[in-house]
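Shown next, in structure tokens, is the structure this report addresses.
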Amino acid sequence: MTSVSERPLTAMIDPAAGPPDCAAYERAGGWQATRRALGGLSPAEIIDMVTRSKLRGRGGAGFGTGQKWSFVPKEPAAERRKYLIANADEMEPGTFKDRLLIEGNPLQLVEGMILAAYAVQAGHGIVFLRGEYHLACARLHHAIAEARQQGWLGDDILGSGFGFDIHVHSSAGRYICGEETALLTALEGRRATPRSKPPFPQTGGLWGAPSVVNNVETLCNLPHIVANGAEWFAGLGLGEDGGTKIYGVSGRVARPGAWELPIGTPLRQIIEEHAGGMRPGYQLRALLPGGASTAFLDAAALDVAMDYGSVEKAGSRLGTGMAIILDDRTCPIGMIRNLEHFFAQESCGWCTPCRDGLPWVERLLDAIEDGTGHDEDLDQLGRHARMLGAPGRTFCAHAPGAMAPLASGLKLFAADFADHIRHGRCPQQQAETRT
Amino acid sequence: MSTAEPPLPTSMRTEILALAAQEPHPRGAGVAALRLVQDRFGWISTAHLREVAALLGMSDDDLDGIATYFNLLFRRPVGRHVIMLCDSVSCWIMGREPLCAHLCRTLGIRPGETTADNAITLLPTVCLGHCDHAPAMLVDDTLHGDVDMAALDHLIGTLRETP
């Protein structure tokens, strides 16, 4: 980049001006990484650079990006069909970072995909975009068309002999499509149930071809890593992880929003400085640090550094890094019921414990919240949390994710559960007509 | 299911075949083809589903398995406008339940139903990725944030007048 920013992902994003076109993108430092990579770096050198940058997947699982790529067979793109897929099926409740990145600077994603594709020598790119993201879809199509017209996509990019193009797949709304093997199944025109691994997508993915699936935010980091170097990127993080992270906060805070900050920024700083703390009249009671499928943390955990290892030590997961705040005037059981309704609805139905267990959990929570629960219901919820929870006896990570807020909530809000059952009603007296 | 739907226009059949030709197997175009049909007709009738299945070389039930799998593919008719009110956690915390109740009262329908004048269908939807402006909703293709009752009343008035 011409001016090296400490907030590389969002430096070019100006909501008032709209996304930059190819020329504006280049003036601000864009395409430099593609010139550098295709002009003389080998795919192996890029994989090594990204490994040393300590970039980990920003979709939630946190797998090392360079390591993920290293499992892809090494033949040149021209000799073997391979796919590079951007996972833009952002559907984790409470998460809105990938939408902002695509709407704000779609060319950054395009360039990130070119670099990733070059590293794994994939000739075919796909953006798996959630169907609800209409503005992102329009801007992405426009950016891809412009990049293609200017020679950044297509055959023989920059005379390097490497060819790559991108197709946008607009999905039609199912949370499980964010799971990488379910995403591949969806692209093959089947009901999007996850696949067993092995084979891993890197060797046997879309239509049986080697495929890499990376999250949008992960890919958007690549132009900056390749342009400025692995050490620069690794140094942006405050702890053991490299780079910046888009953090977000929703719920009853003064200024809900999303901010690009060094990865490892303390949760307290994100909530108090950036989100402006709680709204007047509300206290923070607990939170989900990284989306609906992460375990609750209470107010005592606010000093945790928001990186993968630290949040795990605190008993939860970094997930998407987008925190959802539970305030003291919102019923925690109502919140958990809402979460489990989502997970029950979005279960793909493939394996029995998930398909039948999650609706059972939802009904038990309905009863407790509506004042007709019994003490034994808590045992049944606890049993589900153990049997469906991580590491899990289910086919994929959906049910373990669903159990994270339940298992932690049963402990953290034990008194609230007991009160609901003893008094036969929800003390918060909220209007909670079910939908 | 309606049997009165006109067949797919020739141009759309051509477009679906072109989509299928770009895929290693025609079924890869399944969702895209169904979305084309829905964009034109508002929903996917059984007659149209069968036409698409034939074009993609799939059995009707195979394609219906996909059509019924996805939240945004409609296998029943909807009104001229669709309001999708987010029911996920951040919007729930920020008061989407009273808003939903208000919509139901005003429209005289429950979630999943269409008004008698066929103007508006109300559906719950999962997180729309607009959580910093919760409660959020999608009205046709447009995202709305910081929704309150006044905004809903204004919106309903506008939608009823728009064809």
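So that the names make sense, note that chain A is the first sequence line, chain B the second, and so on, each numbered from 1.
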Between [X] and chain A, which part of the residue has a heavy atom less than 4.5 Å away: side chain, backbone, both or neither?
X	result
B/Asp140	backbone
B/Met84	neither
B/Val89	both

For the residue pair [X] and [Y], establish whether any side-chain heavy-atom pair is separated by less than 4.5 Å.
X	Y	value
B/His130	A/Arg99	yes
B/Val126	A/Gln345	yes
B/Cys127	A/Tyr175	no
A/His134	B/Leu138	yes
B/Asp87	A/His341	yes

Measuring from [X]:[atom1] to [Y]:[atom2], what's the distance to the nearest 0.5 Å?
X	Y	atom1	atom2	value
B/Tyr69	A/Arg174	OH	CZ	4.5 Å
B/His133	A/Ser250	NE2	OG	11.5 Å
B/Leu128	A/Phe96	CG	CZ	12.5 Å

Exercise. Of the listed residues (B/Arg110, B/Gln38, B/His25), which shares the most heavy-atom pairs with chain A below a 4.5 Å separation?
Worked result: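 Going by pairs under 4.5 Å, I would pick B/His25.
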Exercise. Are there more than 12 heavy atoms of other residues, nucleotides or ligands under 6.0 Å from atom CH2 of A/Trp350?
Worked result: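 No - once you tally the heavy atoms of other residues, nucleotides and ligands closer than 6.0 Å, there are 12 at most.
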Which portion of [X] sits near chain B, non-hydrogen atoms under 4.5 angstrom:
X	answer
A/Leu288	neither
A/Cys177	side chain
A/Asp327	side chain
A/Ile336	neither

For this session: Considering non-hydrogen atoms only, spot the tightest contact between B/Trp92 and A/Cys331 and give its length.
Result: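 Heavy atoms only, the tightest pair is CH2-O, 3.8 Å.
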Tell me, out of [options], who's got the most heavy-atom pairs with chain B below 4.5 Å.
options	result
A/Gly173, A/Ala172, A/Ala292	A/Ala172
A/Gly248, A/Ala186, A/Cys348	A/Cys348
A/His169, A/Arg130, A/Glu92, A/His167	A/Arg130
A/Gly131, A/Ala192, A/Ser170, A/Ala209	A/Ala192
A/Arg252, A/Arg81, A/Met91, A/Met322	A/Arg252

Problem set entry | Check against side-chain contact (heavy atoms from CB on, under 4.5 Å), A/Arg255 and B/Asp132 | CA-CA 8 Å; A/Arg255 293 188 302 272; B/Asp132 50 342; over 6 Å; no
Exercise. Do B/Arg27 and A/Glu188 pass the side-chain contact (heavy atoms from CB on, under 4.5 Å) test, and can you show the C-alpha distance, the side-chain angles, and the key distance before you say yes or no?
Worked result: CA-CA 7 Å; B/Arg27 66 180 307 131; A/Glu188 292 178 2; 5.7 Å; no
For this session: I would like to know whether B/Ile93 and A/Ile324 meet side-chain contact (heavy atoms from CB on, under 4.5 Å); could you show each step before the answer?
Result: CA-CA 9 Å; B/Ile93 290 171; A/Ile324 306 160; 3.9 Å; yes
Problem set entry | Side-chain donor-acceptor contact under 3.5 Å, B/Asn71 with A/Glu346 |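 Note: B/Asn71 and A/Glu346 side chains meet the donor-acceptor criterion.
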Exercise. Under 3.5 Å, is there a donor-acceptor pair between the side chain of A/Arg190 and the main chain of B/Gly65?
Worked result: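 Checked: no pair found.
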Problem set entry | Test side-chain contact (heavy atoms from CB on, under 4.5 Å) applied to A/Glu132 and B/Leu143, step by step | CA-CA 9 Å; A/Glu132 293 88 341; B/Leu143 187 60; over 6 Å; no
